[in-house]
Amino acid sequence: MAHTLAEKILLSHAGVDDVVPGDVVNVRCDVVMLNDISGPLAFQTMQRMGADRVFDRERVVVVPDHFIPAKDARSAELQKRVRDWAEAQGVALYDQGRGGIEHAVLVEEGWIVPGSVVAGGDSHTCTHGALGAFGTGLGSTDVAHCLAFGEFWQVVPETIEVVLRGTRAPFVEGKDVVLAVIDRIGVSGGTGAVLEFGGPAVASLGIDERLAIANMAVEAGSETGLFAGDEVTDAYLAGRARLPYVAERSDPGAAMRDRLEIDLDALPTLVAAPSSPGNVKPLADVLGEPVHQVYVGNCANGTMSDLRQLAEVLRGRSVHPRTRLIVVPASRTIWREALHEGLLDVFSEAGAIVSTPTCGACFGGSNGILAAGETAVATTNRNFRGRMGAAGSQVYLANAYVAGAAAVAGELADPASILGAVTA
Amino acid sequence: VILRASAVRIEGDDIDTDVLYPGPFLNIEDPEQMREHLFEGLDPGLRDLLVGDTALVVDHNFGSGSSREHVPQAMRASGVRCLVGASFARIFHRNCVNLGLLVVLCPEAVAVARTGSELEIDSDAGRLEVDGQAFAIRPIPSFLLDVIEAGGLVEAARRRSGA
């Protein structure tokens, strides 16, 4: 019987003879990931489930990142507990100064390989679909179950095939591709399904672009957003992968819930306007809106690609007096690479501040909270009401070129108006 | 599972977990303290309606966004026993089940229920009554019902492991 990629991954991890959408199966985890918010809530729960030790200390990864560096005593206490627990359990810990944002760290450090199952105490664990893994977000009780038993229950999802064709215009990035998908299917259109990205244009998408796309699968309600492993994946994982892997693809004729075609030639630069990732508009429709803060960072859009795009706009220019620019490289590795490339100098010379890696203001935690009446442009993934601060603040989600243009212009602006009509 | 509860109607599609429980309060671990921030970004006044055994009656894609379990933990600590909705976001849905909250899909009941309606739910019979008016609920997979019946995933796991 023909299976989708998601079904194949679940089948190889579920100890059953076959799977069809709607089945409830127990799925074995290759990696369990937790942070300073989801972890502490899971530790006692794991014990209450009857387990003092994790199922396999080689498969548990701890990355405190949400309130890092500790914004107050309560956050410090959580981070201390996470640290102590990781040490007591003997599991991998990427602590402050040594890691970064969890999803970026796991990818960089080779924990994610095609065909694996990644259970994470964070909704953006779907990011790992970029490397062909069934990465999926779970709450703390689920995480506790994964820690104790190495598995979680899962309703076998359907698959929505997203076929990408054509060539992107300048200033059209991974963010725009995923916003186009959310625009088409809506913020709940992917519920009960995975998004599987394919088609002739996929080979032209680098890992950073794939991460940006998979990262927002959950914003369409999906379990994860999958890219089948290919040469791009293999090249990235060479010398990096911690587990052996065999990349699978969906079988020809596998049953799909739906099939979307995205014509990249016709795709304009997009934004998600306040206050939903589904409120997608062409950038051209919102030009001129004053912007008080620009935030470049988060689990999938604080990559070297994003920082290079931002630097391209900022080099030799200044951040507008009305606007504050916060740059958050997603990991220590990215931070140092940006340092060595001279990008951090470009940012600070232009008037930006460069932050340590953290989830920070992306979820309204710390490090750049908005006041009522303020508008931000962010390369993040959610712009819900009050997400980055006061209920009366608003956020536009956009790619790093658009963020850079907004920082320079002090309003939503076309990157082409600053950089000229670049030949890509 | 058979359950009686008083309805609290929360209107609106795509209500996200950020407004249900804003990010700044995610460093709280005690469900009793979480209660104080439930609905903070939506309508804090809703907290006052959670008296006794409550069923939240919600529209489409309720609980979208973050995996924060603080939302259903605060709900459970506030007396919420059940959620009746047109549809739910995935992670929120599973978090509720894992905490032993009955989650029922029944758009027809959502259309008639109001705050204060008396609900009676019989998940075994697949039936839900709103002030005596009966509706059929969408079937719930037996695995999920077992978890809910046990009182949540902790109890279900203990049962299974014999702890």
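Here the structure is a predicted model, which means the values were calculated and not measured. Here is the naming used below: chain letters follow the sequence lines, and residue numbers restart at 1 for every chain. Side chains included, hydrogens not; waters and symmetry mates left out as well; all remaining heavy atoms used.
Ranked by heavy-atom pairs under 4.5 Å with chain B, the first of A:Gly386, A:Gly137, A:Ala51 is A:Gly137. Of the listed residues A:Met46, A:His124, A:Met388, A:His145, the one with more heavy-atom pairs under 4.5 angstrom with chain B than any other is A:His145. Among the candidates A:Ser75, A:Gly365, A:Gly221, A:Gly121, the residue making the largest number of heavy-atom pairs closer than 4.5 Å to chain B is A:Ser75. Your options are A:Val218, A:Ile369, A:Thr125, A:Asp142, and the one with the most heavy-atom pairs under 4.5 Å with chain B is A:Asp142. Your options are B:Leu26, B:Asp16, B:Asn95, B:Thr17, and the one with the most heavy-atom pairs under 4.5 Å with chain A is B:Asp16. If you tally non-hydrogen atom pairs under 4.5 Å between each of A:Asp122, A:Leu138, A:Thr45 and chain B, the highest count goes to A:Leu138. For the set B:Asp13, B:Leu99, B:Leu144, B:Val97, the entry with the most heavy-atom pairs within less than 4.5 Å of chain A is B:Leu144.
Heavy-atom distances place both the backbone and the side chain of A:Phe363 under 4.5 Å from chain B. Using a 4.5 Å cut-off between heavy atoms, B:Leu42 contacts chain A through both its backbone and its side chain. Contact annotation for B:Val147: neither backbone nor side-chain heavy atoms come within less than 4.5 Å of a heavy atom of chain A. Proximity to chain A (any heavy atom under 4.5 Å) is shown, for B:Phe25, by neither the backbone nor the side chain. Residue contact with chain A, scored on non-hydrogen atoms closer than 4.5 Å, involves the backbone and the side chain of B:Val154 alike. At a 4.5 Å heavy-atom cutoff, the contact between A:Leu78 and chain B is made by side-chain atoms alone. Only the side chain of A:Val24 comes within contact range of chain B, with at least one heavy atom under 4.5 Å from a heavy atom of that chain. Contact of B:Asn98 with chain A is made through backbone and side chain together, with heavy-atom distances under 4.5 Å. Residue contact with chain B, scored on non-hydrogen atoms closer than 4.5 Å, involves the backbone and the side chain of A:Gln154 alike. Interface residue B:Ile91: only side-chain heavy atoms are found under 4.5 Å from chain A.
A heavy-atom distance below 4.5 Å is found between the side chains of B:Phe143 and A:Asn26. Within the 4.5 Å cutoff, no side-chain heavy atoms of B:Arg94 are placed close to those of A:Val155. Using a 4.5 Å heavy-atom cutoff, the side chains of A:Thr191 and B:Phe88 are not in contact.
Within residues 32-44 of chain A, the residues having any heavy atom closer than 4.5 Å to a heavy atom of chain B are A:Ile37, A:Pro40, A:Leu41, listed by residue number.
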Check your understanding: Where do B:Asn27 and A:Lys71 land on the side-chain contact (heavy atoms from CB on, under 4.5 Å) test, with the steps shown first?
Key -> CA-CA 10 Å; B:Asn27 55 9; A:Lys71 69 152 184 143; 3.9 Å; yes

Exercise for review: Check step by step if side-chain contact (heavy atoms from CB on, under 4.5 Å) holds for A:Arg74 and B:Glu29.
Suggested key: CA-CA 10 Å; A:Arg74 190 141 61 186; B:Glu29 295 178 87; over 6 Å; no

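The closest donor-acceptor contact from the side chain of A:Glu219 to the backbone of B:Gly65 lies at 3.5 Å or more, if one exists at all. In this structure a side-chain-to-backbone donor-acceptor pair under 3.5 Å is missing from B:Arg158 to A:Gly50.
Between A:Val187 and B:Asn61, the closest heavy-atom pair is O-ND2, 3.6 Å. In terms of heavy-atom proximity, A:Gly139 sits nearest to B:Glu69 at C-OE1, 3.4 Å. Residue B:Pro24 comes nearest to A:Gly364 through the heavy atom pair CG-O, 3.5 Å, listed as atom of the first residue, atom of the second, then distance. Shown here for B:Gly23 and A:Phe67, the closest heavy-atom pair between the two residues is O-CZ, 3.6 Å.
Heavy atoms from other residues, nucleotides or ligands lying under 6.0 Å from CZ of B:Arg127 number 12 at most. The environment of B:Arg4 atom CZ is sparse: at most 12 non-hydrogen atoms of other residues, nucleotides or ligands sit within 6.0 angstrom.
For the atom pair A:Glu223 CD and B:Arg90 CZ, the distance stands at 4.0 Å (nearest 0.5 Å). Residue A:Ser140 holds its OG atom at 12.0 Å from CG of B:Leu153, rounded to the nearest 0.5 Å. Interatomic distance, A:Arg382 CZ to B:Ser66 OG, rounded to the nearest 0.5 Å: 6.0 Å.
When only modelled atom types and interatomic distance are considered, B:Arg68 and A:Ser123 share no side-chain donor-acceptor pair under 3.5 Å.
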